Amino acid sequence: MTAFKGLLIKEAKLMRIWFIWGILLSIAVAAAGYSISQYVNDMIVFEVLVFMILSAHAFYLPIYLLLSLNVEAKTQLWLHNPNSGYLLFFSKFLIGFVFMMVSIFIAFIIAIWATESDTGIYFLAKDQLPKFILTGVSLSIIAYSFYLGIWTFFYWTLYHSLKLYGWNSGFRWGFLIGLWAVSIYIENLIRELPIYQSFWNLGAIDMTSLKTLNYELSKQSFSAELTANPFISLTEIALYLILIMAVVMFSIWMLEKKVEV
């Protein structure tokens, strides 16, 4: 536990400047959007930028891990670290997750303020409050960032593992892009299999009450209708969790046995 605590402190100190700059960038973009909206007397610029900031957090954890891992690659500290790959990985992932939660919370507060301002966003769906909708969107963004972060770690370790086989940078990038394309193709094929559909239906939950969300921006300046899938599958979620665990275990194995940064 002492070793893990030390890794957490090291990671936080290593990446705190990037974390601070990320917060300042979000606030600066929101402030610029608000100033422009005040100048043109239309809040839609501010509202669009606020939701862009919130949505951009889907890539927070992948970008954070790439920055942190590349710092390790330059300093080569991992080559001389006696701790296990699990401790090294989870220290980075945990600090990155905490930083993301703080950042997205700030973006969430700004978005809530935008939705509740007199000239802000008005949600017209029956019994659907802005806070409820924004909370659901934020949780989806967090989950997606978590998922992308796992795959980022996998591709980073695989990229550096291929050094052992004498592959230069160009061949490694080509291999990773090809692997990504093939994995997407295989995933689509699996989704079309009857047995997968049976598994999907096995844990399906009806979410029809949340099927349609209507909203308009800046009163009459913009309107739209969002139609979501009225069902979610707990079985599919469980399968993705199993896949994520397998990817993490394989990535850590490569980190310990194969990676030369």
Side-chain angles (χ1 to χ4, degrees), residues 7-8 11 14-15 18-19 22 52 54-74 78 84-101 103-104 137-165 167 169-193 196 199-200 229 232-261:
L7 287 172
L8 291 177
E11 180 67 20
L14 183 69
M15 298 301 294
W18 296 103
F19 166 68
M52 287 178 62
L54 190 63
S55 301
H57 281 79
F59 305 99
Y60 190 101
L61 203 51
I63 293 174
Y64 173 89
L65 288 174
L66 277 179
L67 289 172
S68 180
L69 290 168
N70 284 334
V71 170
E72 298 286 1
K74 291 179 181 179
W78 276 17
S84 69
Y86 285 93
L87 290 181
L88 295 171
F89 165 73
F90 284 113
S91 63
K92 290 189 175 297
F93 205 88
L94 181 57
I95 294 299
F97 187 77
V98 171
F99 282 177
M100 179 182 67
M101 292 300 294
S103 182
I104 201 171
V137 170
S138 299
L139 291 175
S140 299
I141 290 172
I142 292 170
Y144 189 62
S145 186
F146 180 90
Y147 182 74
L148 289 181
I150 296 296
W151 282 106
T152 298
F153 180 65
F154 166 77
Y155 282 112
W156 186 90
T157 53
L158 180 59
Y159 175 83
H160 286 282
S161 296
L162 293 175
K163 278 186 179 180
L164 291 178
Y165 303 100
W167 291 26
S169 179
F171 281 116
R172 282 181 281 161
W173 274 113
F175 178 79
L176 294 185
I177 294 173
L179 179 63
W180 175 78
V182 170
S183 66
I184 295 297
Y185 177 73
I186 293 176
E187 181 182 2
N188 291 332
L189 288 180
I190 293 175
R191 285 178 174 273
E192 296 176 359
L193 294 176
Y196 182 86
F199 274 111
W200 196 97
N229 192 335
I232 62 172
S233 174
L234 295 180
T235 305
E236 184 176 47
I237 293 174
L239 291 175
Y240 271 102
L241 289 176
I242 294 172
L243 174 63
I244 286 174
M245 287 189 291
V247 170
V248 168
M249 293 175 65
F250 183 65
S251 300
I252 292 175
W253 176 82
M254 285 193 296
L255 178 66
E256 293 180 331
K257 305 296 183 182
K258 303 291 184 180
V259 169
E260 288 186 2
V261 296

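Counting from 1, the numbers follow the sequence of the chain as shown. The model shown is predicted, which means the values in this text are computed figures rather than measured ones. The figures here come from the full heavy-atom set of this structure, side chains too, leaving out hydrogens, waters and symmetry mates.
The only option from Tyr86, Phe99, Phe146, Tyr64 that meets the ring pair (Phe, Tyr, Trp, His ring centres under 6.0 Å) definition with Phe93 turns out to be Phe146.
With values rounded to the nearest 0.5 angstrom, Ser103 atom OG is found 5.0 Å from Tyr60 atom OH. Taking CG from Leu61 and CG from Leu148, the interatomic distance works out to 9.0 Å, rounded to the nearest 0.5 Å. A distance of 13.5 Å separates CZ of Phe175 from OH of Tyr159, quoted to the nearest 0.5 Å. Taking CG of Leu69 as the start and OG1 of Thr152 as the end, the distance is 9.0 Å to the nearest 0.5 Å. The line from CD1 of Ile141 to CG of Leu54 is 4.0 Å long, rounded to the nearest 0.5 Å. Distance check, rounded to the nearest 0.5 Å: CG of Leu67 to CE of Met15 gives 5.0 Å.
Formation of a donor-acceptor pair under 3.5 Å by the Thr157 side chain with backbone atoms of Leu255 is not found in this model.
In this pair, Trp151 and Tyr155 present their aromatic rings tilted. The plane angle is within the 30 to 60° band.
Contacts of Ser68 classified as side chain to side chain donor-acceptor pair (under 3.5 Å), with partners at least two apart in sequence or in another chain: Glu11, Lys92.
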Exercise. Could you give me the CA-CA distance, side-chain angles and deciding distance for Leu189 and Tyr185, then say whether side chain to side chain contact (heavy atoms under 4.5 Å, CB included) is met?
Key: CA-CA 6 Å; Leu189 288 180; Tyr185 177 73; 3.3 Å; yes
Practice problem: Under the side chain to side chain contact (heavy atoms under 4.5 Å, CB included) rule, what do Phe97 and Met101 come out as? Steps first, then yes or no, please. | Solution: CA-CA 6 Å; Phe97 187 77; Met101 292 300 294; 3.7 Å; yes
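Separation of the Trp156 and Phe153 ring centroids does not fall under the 6.0 Å cut-off.
Annotation: side chain of Lys163 is in contact with side chain of Arg172 (closest heavy-atom distance under 4.5 Å). You'll find the side chain of Tyr147 stays beyond 4.5 Å of the side chain of Val247, heavy atoms only. Under the 4.5 Å side-chain criterion, counting only non-hydrogen atoms from C-beta, Leu14 is not in contact with Ile95.
Counting heavy atoms of neighbouring residues, nucleotides and ligands inside a 6.0 Å radius, atom OH of Tyr240 exceeds 12 of them. Heavy atoms of other residues, nucleotides or ligands lying less than 6.0 angstrom from OH of Tyr144 number 12 at most.
When all heavy atoms of Ser91 and Leu7 are compared, the closest pair comes out as CB-CB, 3.7 Å.
Side chains of His57 and Ser145: no donor on one and acceptor on the other come within 3.5 Å.
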